[in-house]
Engineer: 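I have a structure here, written as structure tokens, and I will follow up with some questions on it.
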Amino acid sequence: QVQLVESGGGLVQPGGSLRLSCAASGRGFSSYYMGWFRQAPGEEREFVAAISWSGRSIQYADAVKGRFTISRDNAKNTVDLQMNSLKPEDTAVYSCAAVRSILSPREVRGYDYWGQGTQVTVSS
């Protein structure tokens with residue numbers, strides 16, 4: 001089992017940057033596939049990015065490709081999401097998720113463990 005805690009959210013102007021971090025506690029972090037998802041008010045939770053156990057396989061949603069970068073540090077038990085060129089439509093609660101084995105990293109239902117989320121607001 002793994003516990004996840006996100007940090008780094010906040011208010012930023014359009015075009016700005018934020019770096020989110022997800023800290024995992026528990027054993028075997030390097031054996032978990034990690035994902036970032038977001039949920040805007042009144043919307044369903046949606047996929048943002050995912051990274052494989054070793055970090056060799058990475059996927060992004062089309063909406064964030066080229067602006068967001070996911071990375072992980074298995075020695076520190078963390079997975080980060082660097083967000084650049086932020087837009088108002090990026091405003092949402094961002095959550096990290098973990099699973100040991102997954103067929104489709106983009107699917108919300110594929111993940112077993114979730115953090116509580118951190119609010120990101122992009123506004124002038």
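The residues of the chain are indexed from 1 along the displayed sequence. Basis for what follows: all heavy atoms, side chains included, without hydrogens, waters or symmetry-related copies.
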Engineer: List the residues meeting side-chain contact (heavy atoms from CB on, under 4.5 Å) with Ser101, not counting sequence neighbours, and say none if there are none.
Structural biologist: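 Partners of Ser101 by the side-chain contact (heavy atoms from CB on, under 4.5 Å) criterion come out as none, since no residue qualifies.
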Engineer: Side chains of Ser123 and Pro88: closer than 4.5 Å at any heavy-atom pair?
Structural biologist: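 Not touching, per the 4.5 Å side-chain cut-off.
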Engineer: Rest of the hydrophobic cluster containing Ile58 (Ile/Leu/Val/Met/Phe/Trp/Tyr, side-chain heavy atoms under 4.5 Å)?
Structural biologist: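 Besides Ile58, the cluster holds Val2, Leu4, Val12, Leu18, Leu20, Phe29, Tyr32, Met34, Trp36, Val48, Ile51, Tyr60, Val64, Phe68, Ile70, Val79, Leu81, Met83, Leu86, Tyr94, Tyr113, Val120, Val122.
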Engineer: For Gly9, is there any backbone N or O sitting under 3.5 Å from a side-chain donor or acceptor partner on Thr118?
Structural biologist: yes
Engineer: Can you confirm whether or not the ring centre of Tyr33 sits under 6.0 Å from the ring centre of Tyr111?
Structural biologist: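 No, they do not, as the ring centres are separated by 6.0 Å or more.
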Engineer: Sorted by first residue and then second, give each salt bridge (Lys or Arg N to Asp or Glu O under 4.0 Å) pair with at least one member in residues 66-78; sequence neighbours left out.
Structural biologist: Arg67-Asp90
Engineer: With side-chain contact (heavy atoms from CB on, under 4.5 Å) as the criterion, how do Arg109 and Ser104 come out once you've worked through the C-alpha distance, each side chain's angles and the decisive distance to 0.1 Å?
Structural biologist: CA-CA 9 Å; Arg109 60 186 179 182; Ser104 180; over 6 Å; no
Engineer: Quick one: does Glu6's side chain have a donor or acceptor within less than 3.5 Å of a partner on Cys96's backbone?
Structural biologist: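 The answer is yes, because a donor-acceptor pair under 3.5 Å joins these two groups.
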Engineer: For residues 114-124, which residue pairs qualify under salt bridge (Lys or Arg N to Asp or Glu O under 4.0 Å), counting only residues two or more places apart or in two chains?
Structural biologist: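 Not a single pair qualifies under salt bridge (Lys or Arg N to Asp or Glu O under 4.0 Å).
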Engineer: Which pairs with one or both residues in residues 19-28 pass side-chain hydrogen bond (donor to acceptor under 3.5 Å, both in side chains), sequence neighbours excluded?
Structural biologist: Gln3-Ser25, Arg19-Asp80, Arg19-Gln82, Ser21-Asp80
Engineer: If a pair satisfies side-chain hydrogen bond (donor to acceptor under 3.5 Å, both in side chains) and one of its residues is in residues 46-57, list it, with sequence neighbours excluded.
Structural biologist: Arg38-Glu46
Engineer: Minimum heavy-atom separation for Pro105 to Ala50, with atom names?
Structural biologist: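 Shortest heavy-atom separation between Pro105 and Ala50 comes out as CB-CB, 3.9 Å.
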Engineer: What closest approach, in Å, do Phe47 and Ala49 show between heavy atoms, and which atom pair accounts for it?
Structural biologist: CE1-C, 3.3 Å
Engineer: Could you tell me which non-hydrogen atom of Ser124 sits nearest to which non-hydrogen atom of Pro14, and how far apart they are?
Structural biologist: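 Closest approach of Ser124 to Pro14, heavy atoms only: N-CD, 3.7 Å.
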Engineer: To the nearest 0.5 Å, how far apart are CD in Glu44 and CZ in Phe37?
Structural biologist: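 Taking CD in Glu44 and CZ in Phe37, the distance rounds to 12.5 Å.
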